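Computed from a predicted structure; not experimentally measured.
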Amino acid sequence: MRQPTLLFKKSFFMVLMTIAMMGVHQTGSALYFQDDTVKSEFKQYKGEVMDKDSKKPLVFATLSLEDTNISTVSNTEGEFLLKVPKDIEEARVIISFLGYKTVTFPLSEMTQGNNKISMEVSVVELSEVNLSIPKDARALVQETLRKKGENYFDDPTLMTAFYRETIKKRRKNVSLSEAVVNIYKTPYSSTRKDAVKLFKARKSTDYSKLDTVALKLQGGPFNALFVDIMKYPEYIFTKETMVHYNFTFNRSTRVNDKLLYVVDFKQKSAVGEPLYQGKLYIDAENKILTSAIYNMNITDKEKAAKLFVRKKPAKASVWPTEVAYRVDYREKDGKWYYGYSNVLLEFKIDWDKKLFNSVYSMTCEMAVTDWEKNNAGSTPKMKDRMKSSIILNDEAIGFADPDFWGEYNIIEPEKSIESAIKKIRRQLKRSKSQGGTSAPAP
């Protein structure tokens with residue numbers, strides 16, 4: 001079989017993250033929906049994770065319940081929402097964040113109101129770094145990739161995950177979609193791709209704020225799922241692409257009281273195709289990737305635009321101004337697994353015969369909130385699987401039910417998103433009182 005070329009592999013990943021732009025003439029609308037799911041009893045705990053000294057919020061901190069697979073992630077304002085079944089009373093809460101000392105305390109110490117959790121910076125002693133750091137950063141990354149079958153889940157796993165994608169015009173939310181999905185995760189040693197099944201979803205789009213352009217993100221949860229470097233290294237580090245990067249060591253850090261090497265990687269200037277640059281956080285003892293934060297080199301905006309923009313208005317130039325990624329892994333019984341990822345895509349649109357340009361940003365994030373072993377290896381039927389070409393905004397329904405998510409752990413909405421949701425609910429309530437019904441925008 002012919003080996004796929006570097007460009008083919010890279011562009012395949014980007015096709016799943018394309019943007020469709022098309023003229024529209026209608027305003028946003030939403031269906032009414034009543035959640036008839038049977039809900040288990042649960043308690044929910046809200047709060048904020050912050051730096052102990054500066055009081056600044058800690059973004060994407062992981063909160064988990066000891067001896068369970070229940071977890072959640074703080075939002076971009078450091079706020080969290082953790083839902084726990086009422087029959088769990090004696091568990092301990094574990095809060096971890098890159099570069100900070102892990103915090104652990106009994107669940108009984110939390111209130112259901114506003115919990116303030118402060119975390120201290122973890123200082124890495126220079127002596128332990130000097131003694132342990134290897135000489136070859138590239139070799140360390142290669143060894144880490146080789147050991148994925150040894151260090152990551154080697155059993156089929158059924159994961160429950162919360163997914164959110166937003167589209168903003170400058171700072172205003174104009175589109176919001178959320179979903180709970182089931183991920184049928186194959187072993188990390190397997191080359192088979194993961195299957196995804198949509199459990200439930202909701203959306204809103206206010207086309208009145210989008211001028212004459214409707215932006216749609218294609219790929220839905222797959223955009224976040226394929227950022228799992230250890231499961232899908234072919235989309236960033238392959239035998240062909242590794243030679244196009246420079247790898248160097250940065251200052252080491254800690255997470256969960258483990259020493260981490262920080263490896264910087266950057267595309268060599270001589271390489272013409274857009275690749276990546278960023279940081280890899282690798283467990284010093286066992287050579288495990290625990291996090292990666294990186295972005296695409298979009299210096300050549302014309303080449304970058306071809307990777308992302310599928311369709312655009314004839315009288316407009318569109319190109320990305322930022323493309324950023326993050327993935328975090330979690331540990332359970334000595335094995336690691338995908339826990340959280342996010343993607344940021346920022347675009348600028350220059351219109352012919354218009355003085356000002358338009359700036360849009362699209363973000364998507366997904367967090368695994370629970371999981372169990374799938375020893376039977378069950379997978380959804382093909383007709384029930386999400387396609388990697390899905391546009392979630394076209395599949396989801398409206399925001400009519402304030403208790404839509406029930407017992408499921410989700411990422412707490414940011415204030416701007418919460419305001420948008422409240423506005424949608426008010427609009428739906430007015431529409432209902434006037435005897436009107438809404439239909440989804442085509």
Which heavy-atom pair separates [X] from [Y] by the least distance, and what is that distance?
| X | Y | answer |
| --- | --- | --- |
| Asn409 | Leu81 | OD1-O, 3.6 Å |
| Trp351 | Ser358 | NE1-OG, 3.2 Å |
| Asp283 | Leu260 | CA-CD2, 3.6 Å |
| Asn115 | Lys46 | ND2-O, 2.7 Å |
| Ile411 | Ala367 | CD1-CB, 4.0 Å |
| Gln277 | Gln267 | CB-N, 4.5 Å |

So with a 6.0 Å cut-off around [atom1] of [X], is the heavy-atom count from everything else above 12?
| X | atom1 | value |
| --- | --- | --- |
| Lys373 | NZ | no |
| Lys55 | NZ | yes |
| Lys147 | NZ | yes |
| Lys332 | NZ | yes |

(message) salt bridge (charged side-chain N to carboxylate O under 4.0 Å, His left out) for Asp264 and Lys266? Distances and angles first, verdict last.
(response) CA-CA 7 Å; Asp264 290 341; Lys266 188 174 184 180; over 6 Å; no
(request) Examine Lys185 relative to Tyr337 and say whether NZ or CZ is less than 6.0 Å from the centre of the six-membered ring and inside a 45° cone about the ring axis. (result)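 Not satisfied by the 6.0 Å and 45° rule.
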(request) Measure from NZ or CZ of Lys200 to the centre of the six-membered ring of Phe404 and say whether it is under 6.0 Å with the direction within 45° of the ring axis. (result)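 The answer is yes, since Lys200 meets both limits relative to Phe404.
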(message) Looking at Lys83 and Glu407, is there a salt bridge between them, counting it only when a charged N and a carboxylate O are closer than 4.0 Å?
(response)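 Judged by the 4.0 Å cut-off on N to carboxylate O distance, Glu407 and Lys83 do not form a salt bridge.
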(message) Using the ring centroid of each side chain, check whether Tyr325 and Tyr294 are separated by less than 6.0 Å.
(response)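 Here the rings of Tyr294 and Tyr325 have centres that are less than 6.0 Å from each other.
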Parallel under 30°, tilted from 30 to 60°, perpendicular over 60°: which one fits the rings of [X] and [Y]?
| X | Y | value |
| --- | --- | --- |
| Tyr232 | Tyr235 | parallel |
| Phe199 | Tyr408 | tilted |
| Tyr329 | Tyr152 | perpendicular |

If only atom types and distance count, is the side chain of [X] paired as donor or acceptor with the main-chain N or O of [Y] below 3.5 Å?
| X | Y | answer |
| --- | --- | --- |
| Thr157 | Asp155 | yes |
| Arg385 | Pro380 | yes |
| Thr76 | Glu414 | no |

(message) Among Phe265, Phe247, Tyr261, which residue satisfies the side-chain contact (heavy atoms from CB on, under 4.5 Å) criterion with Val141?
(response)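 Exactly one candidate clears the test, Phe247.
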(message) With heavy-atom distances below 4.5 Å as the criterion, would you say the side chains of Leu145 and Met230 are in contact?
(response)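 Yes, side chains in contact.
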(request) Using the side chain to side chain donor-acceptor pair (under 3.5 Å) rule, collect all pairs that involve residues 63-73, keeping only residues at least two apart or in two chains. (result)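 For residues 63-73: Ser71-Arg330.
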(message) I'd like to know if the side chain of Tyr281 pairs up with that of Asp328 as donor and acceptor (distance under 3.5 Å, no hydrogens or angles considered).
(response)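 Note: Tyr281 and Asp328 side chains miss the donor-acceptor criterion.
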(request) Examine the side chains of Thr363 and Thr166 and answer whether a donor and an acceptor come within less than 3.5 Å of each other. (result)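 The answer is yes; a qualifying pair exists.
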Rounded to the nearest 0.5 Å, what separates atom [atom1] in [X] from atom [atom2] in [Y]?
| X | Y | atom1 | atom2 | result |
| --- | --- | --- | --- | --- |
| Tyr276 | Phe237 | OH | CZ | 10.0 Å |
| Leu217 | Ile391 | CG | CD1 | 8.5 Å |
| Leu158 | Ser378 | CG | OG | 6.5 Å |

(request) May I have the step-by-step check of salt bridge (charged side-chain N to carboxylate O under 4.0 Å, His left out) for Lys258 and Glu285, ending in yes or no? (result) CA-CA 8 Å; Lys258 296 178 183 291; Glu285 182 179 358; 5.7 Å; no
